[in-house]
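Read the numbers this way: they start at 1 and go in the same order the structure lists the ligands and their atoms. Bear in mind the structure is a predicted one, so any value in this text is a computation, not a measurement. Positions are given from 1 along the sequence.
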Amino acid sequence: MAFLGNLRKLLSFLNDGIENPEIIKFLKKRGLKDGPISSYEDFCSIKPLTKFELSHMQQQNPPFAGLVDMEIVSKVYLSPGPIFNSKVAEFSHYRFYKALSKADFNKNDIVFNAFSYNMSPAGDMFDEAAGYLGAAVIPAGPSDSRKAAEIIEKTGATAFTGTRTFLFNILKHLGDKSRLKKAYLIAEKMTEKDRELFASKYGVQAYQGYGTAEVGLIATECSEKHMHPDIDIFLEVLEPGNFQPVDLGETGEAVITLMNGKLPFIRLATGDLTIAENQECGCGSDEGFIKGIFGRSDSSVKVKGIFVHYWQFQDFLEENGINGKLVVETTGNKDVLKMISNFESEGNLKQDFHKKFGLKLESIEMDKNLEENGIIDNRDRLKQS
Ligand SMILES: [Zn+2]
């Protein structure tokens, strides 16, 4: 069975650590047995919660389905899905300061934070993390890469938080006028080839991690570049759909428990595909690690940091009375979205798509015989750069 994390800590959390009685009631409804929880099998009686279910529960009882005490919520965010995200405490909820610390961010850094501050928790996650370590933050958010390069040059920024593609684009503009020395990347896979290029061509040491809008930090790279789960996380790898445990070394869906008694994220199915290994690591950790994130279990795609979930795309097609396939490709160093559809007239499809997803549909091709809907990810990261 593939799970990573401290089982003893998990069991103690389940028995004594859940502070909100509504969460306990909810877990009982989802199969949690009465009496002490004493094994991984007991824990597995809880049915994993998909983001689809979470979104529906929230719509029925907004904003947090009655599972988060509003008195302790300091911020409310909205992710595509739609899913409302609560922030319940500085630092201890998102915990990314631990990840930035491993990537050697410190009080001497000026951090250019390219994650969005606008209704998305990502900007805040890295802002508070850099602040915790005493670094100065440039709260930039997403912008044009040329403009970002200009700000980095003028401010003498030394560190970057954002996505891999955006960092590449900025560095191309910067050339040798940069003082950037380190970067922390999430939301998009950085290959080892990418990492080498960042270091050799641009002098930037890049680390990557894995996290979500609900729980914050899940796993981050150590000195050996292995992604170890954070100590507050219990990470299972389960077969998508039936949620049976897969073996170590096999691909499955990351299902996360955040051991925070104020939050209901117990067996939250992320939809992200991963592989767990439990070999000892050169960094001294014997807790195991994940080998990265290998796509989405439900064929949803993440484009420019925004998820397009399959069910949302399905809704979009139904609203317009058409069938369609959404194709994501890489052109140059940019992700481009195309749609193939059996529409009769293009009408306002592009505008409607942008309105629903906040993403640009580059082109629509007609295929009168198209019957099957789907999302196709044709991006090949290795061909880039
Ligand atoms: Zn390690």
Q. Out of Tyr117, Phe96, Tyr94, which one pairs with Phe126 under the ring-ring contact (aromatic ring centres under 6.0 Å, His included) rule?
A. Phe96
Q. Among Glu277, Glu192, Glu221, whose salt bridge (charged side-chain N to carboxylate O under 4.0 Å, His left out) with Lys291 holds?
A. Glu277
Q. What distance do Ile152 atom CD1 and Ile110 atom CD1 have between them, rounded to the nearest 0.5 Å?
A. 11.0 Å
Q) Counting no waters, what protein N/O/S atoms lie under 2.8 Å from the Zn ion (ligand 1)? A) Cys222 SG, His228 NE2, Cys281 SG, Cys283 SG
Q. Within 45° of the axis and under 6.0 Å from the centre of the six-membered ring of Tyr207, does NZ or CZ of Lys225 qualify?
A. yes
Q: Indicate the ring-plane relationship of His228 and Phe289, choosing parallel, tilted or perpendicular according to the 30° and 60° boundaries.
A: perpendicular
Q: To the nearest 0.5 angstrom, please state how far the CZ atom of Phe43 sits from the OG1 atom of Thr257.
A: 3.5 Å
